[in-house]
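What follows is one structure encoded as structure tokens, with my remarks underneath.
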Amino acid sequence: MTAPDLTQLSPEQLRRLAEQLLLRVDEQDQVIQLKDQAIQQQEQAIRYKEQVNQKLTYELALLKRHKYGQRSEHLNLLQISLLDDIIGADMAGIETELDDAIDSPTRTQEKRQPKRQPLPPELPRREVHHEPEVTTCSCGCAMSRMGEDVSEKLDYTPGVFTVERHIRGKWVCDACETLTQSPMPAYILDKGLPTAGLLAQVLIAKYADHLPLYRQSQIFERAGVQLSRSTLSEWVGVCGVRLQPLVDALHEHLLQEPILHADETPVPMLAPGKKKTHKAYLWAYATSPFSALNAVVYDFQPGRSGQYARDFLEDWRGQLVSDDYAGYKKSFKDEGVTELGCMAHARRKFVELHIAGKSQIAGEAVQQIRELYEVEQKAHPLSVEERHRIRQQDAKPIADRLYRWLLYERQQIPDGTAIAKALDYSLNRWAALIRYLEDGAIPIDNNRVENLIRPWALSRKNWLFAGSLRSGQRAAAIMSLIQSAKLNGHEPYSYLKDILERLPTQKASEIDRLLPHHWSSETVKV
């Protein structure tokens, strides 16, 4: 296309030509901007995958060095034995996440394929047949069965091992030589040995019954099957990764509640590179006993900073039942969270003094607080409206009388004494302690979450310590599902077995159906 002679164009023609050129420039700029945006998005996605890959690879290298390097003289033989289980589970979890993040066929080929020992022939077998629904070829001819593939998976119901023999018939069309065969059902460990029932048993035994993997290995051996602790730890690590989306969804449901309980407890954790343990913390967040949602989510963190609570609660702006720990104060002051006190904590300080020193003042405080709990016991099974009415009618006069008495006694007690500190605790938190009187949906104390955090005390005695931050977070995730299942009246083994069967084929958009408060034993696969 030859350029026009600008000297021969009229002013109007020059204007139109300039407009056309400017329009083309704008269109080209828009195309360039779109391409730049697409390139930036691709670069961001690549950087993110690289960061995830580097993080997981670094964690895996540390764990390998920890497992195969020099042992710490600070750990006894039993602790070292337990640490092997933890590291094995962590490594399996990291490798599973790497597989998901990298999505590379070479990664699968590079993985070491363990040689599987044949299952003991004396175990009972249950045959599961998989045949095509249609045995007529697309060409119209009837196919004939030419053979089968058989794979065996180890199943477990409490106390009994069985073997599932999956028999997949091979059907062939003699006319066009087309081969048809039903695929194997999807499993959490697709090419692995265990069924969902065996995986559920291992998880329940470890996290609900507090049995370390070396003890489970001994129990299984007595039942006639040798399952090494390294194998069990790999299963635990993979299950932890696969169950995490359920815990994330449960977390989202929890943050939709207007009232939550919170508490924390120390858990020893092995300090990387220091060859000794330090104090990590398990944080627990639970719904109110008056809520329609029954759920608890545990959050394992390396310390007790209030920032961990703020990170978990995100932009939640509800009412939080807690003790007087300073870590929550910033949320109450700056984050718009309303503080709800725990009457049981206030009572406990007086009980301890009364038992230890036979303090008459402490004894009188315990008696008056007991009156509040007597009213609460009567109001607990009622509706929110009726509970509020009874609290206003019966409990508020008791609380007013208790407050006046606390003020009077405090004026008589010198500063610095134990009874003065107990009185100050209640007086300084009085507004938070009696806030439950104004709303029938608010609980009187924090006992619900304290009871839910109690299973970790048993775990500490059996695990001795958390081997890593990852192992603590995995335990927190799995125990969130187990304890939430219990809160909803489910038998945890049945619940975990069913969701482990469903997870491989469950749509991500429908993951909520597997949460404990939505799950029903009537939907269990037969």
Side-chain angles (χ1 to χ4, degrees), residues 258-266 281 283-286 288 304-310 313 316-357 359-373 375-376 391-392 395-439 441-450 453:
I259 300 170
L260 291 178
H261 293 260
D263 198 11
E264 69 289 333
T265 189
Y281 277 84
W283 301 70
Y285 305 87
S288 162
R304 204 187 181 194
S305 166
Q307 187 61 47
Y308 296 124
R310 292 191 290 276
L313 296 174
W316 181 76
R317 297 294 180 267
Q319 302 183 87
L320 186 68
V321 190
S322 65
D323 58 17
D324 198 30
Y325 173 51
Y328 301 110
K329 299 300 183 183
K330 183 175 176 58
S331 295
F332 299 144
K333 182 179 178 181
D334 302 330
E335 304 295 330
V337 177
T338 302
E339 180 180 11
L340 301 177
C342 174
M343 192 64 72
H345 270 80
R347 177 183 178 275
R348 196 171 300 148
K349 295 185 180 298
F350 292 115
V351 169
E352 292 169 355
L353 285 175
H354 180 56
I355 294 175
S359 167
Q360 292 183 349
I361 295 176
E364 176 62 24
V366 170
Q367 176 56 39
Q368 294 195 50
I369 295 174
R370 181 183 295 122
E371 294 178 25
L372 291 175
Y373 272 91
V375 176
E376 194 61 22
R391 286 173 174 177
Q392 288 290 307
K396 191 173 187 304
I398 300 173
D400 292 342
R401 184 184 74 229
L402 173 61
Y403 181 65
R404 291 192 298 269
W405 179 83
L406 291 171
L407 284 174
Y408 173 79
E409 293 296 339
R410 182 62 184 90
Q411 293 171 0
Q412 317 304 315
I413 301 296
D415 294 342
T417 61
I419 188 64
K421 293 179 180 178
L423 292 167
D424 285 340
Y425 179 89
S426 294
L427 289 171
N428 292 339
R429 303 205 50 184
W430 190 253
L433 287 172
I434 64 168
R435 200 159 273 141
Y436 83 98
L437 297 173
E438 305 303 322
D439 187 346
I442 296 176
I444 188 174
D445 56 35
N446 207 24
N447 284 351
R448 178 174 172 88
V449 75
E450 289 185 2
I453 216 169

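Computed from a predicted model, the values in this text were never measured in an experiment.
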Residues in side-chain hydrogen bond (donor to acceptor under 3.5 Å, both in side chains) with [X], at least two apart?
| X | answer |
| --- | --- |
| R401 | E371 |
| Q319 | none |
| Y425 | R429 |

Distance in Å, [X] [atom1] paired with [Y] [atom2], rounded so as to fall on 0.5 Å steps:
| X | Y | atom1 | atom2 | result |
| --- | --- | --- | --- | --- |
| I434 | I398 | CD1 | CD1 | 13.0 Å |
| R404 | L406 | CZ | CG | 11.0 Å |
| L340 | I442 | CG | CD1 | 5.0 Å |
| Y285 | E264 | OH | CD | 8.0 Å |
| C342 | I444 | SG | CD1 | 9.0 Å |

* To do: Please list, chain by chain and in numerical order, all residues satisfying salt bridge (Lys or Arg N to Asp or Glu O under 4.0 Å) with R317, sequence neighbours excluded.
  =>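 Listed in chain order: E335.
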* To do: Any chance you could lay out the side chain to side chain contact (heavy atoms under 4.5 Å, CB included) test for R391 and K396, step after step, and finish with the verdict?
  => CA-CA 6 Å; R391 286 173 174 177; K396 191 173 187 304; over 6 Å; no
Mind checking whether [X] and [Y] have side chains closer than 4.5 Å, heavy atoms only?
| X | Y | result |
| --- | --- | --- |
| M343 | L372 | yes |
| D263 | W283 | no |
| S426 | F350 | yes |
| L427 | L407 | yes |
| F332 | S322 | yes |
| P443 | H261 | yes |
| K329 | D324 | yes |
| S288 | L260 | no |

* Look at atom CZ of R448 and say whether more than 12 heavy atoms of other residues, nucleotides or ligands are closer to it than 6.0 Å. => yes
* **Worked check of side chain to side chain donor-acceptor pair (under 3.5 Å) between Y436 and D445** => CA-CA 9 Å; Y436 83 98; D445 56 35; over 6 Å; no
* **By ring pair (Phe, Tyr, Trp, His ring centres under 6.0 Å) - contacts of Y325 (at least two apart)** =>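 Partners of Y325 by the ring pair (Phe, Tyr, Trp, His ring centres under 6.0 Å) criterion, ordered by chain and then number, come out as Y328.
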* **Nearest non-hydrogen partners of A344 and N447, listed with the distance** => CB-OD1, 3.4 Å
* Asked: What closest approach, in Å, do V321 and G341 show between heavy atoms, and which atom pair accounts for it?
  ->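 Heavy-atom minimum between the residues: CG1-O, 4.0 Å.
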* Start with the C-alpha gap between E438 and Q392, add the side-chain angles, then the distance that decides, and say whether side chain to side chain contact (heavy atoms under 4.5 Å, CB included) holds. => CA-CA 8 Å; E438 305 303 322; Q392 288 290 307; 3.6 Å; yes
* Asked: Is the closest basic N to carboxylate O distance between R348 and E450 below 4.0 Å?
  ->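 Yes, this pair counts.
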* Say whether E364 and Q360, considering side chains only, have a donor N or O and an acceptor N or O under 3.5 Å apart. =>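 Q360 and E364 do not have a side-chain donor-acceptor pair below 3.5 Å.
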* Given the rule in the side chain to side chain contact (heavy atoms under 4.5 Å, CB included) test, do Y281 and T265 qualify, once you have shown the distances and angles that lead to the verdict? -> CA-CA 6 Å; Y281 277 84; T265 189; 5.7 Å; no
* **Flag, side chain of R435 to backbone of T338, donor-acceptor distance under 3.5 Å** => no
Taking only distance into account, with no hydrogens and no angle test, what donor-acceptor pairs under 3.5 Å do side-chain atoms of residues 411-422 form with protein atoms, sequence neighbours excluded?
from : atom 1 : to   : atom 2 : distance (Å)
Q412 : NE2    : Y408 : O      : 3.3
D415 : OD1    : R410 : NH1    : 3.4
D415 : OD1    : R410 : NH2    : 2.6
T417 : OG1    : P414 : O      : 3.1
T417 : OG1    : A420 : N      : 3.3

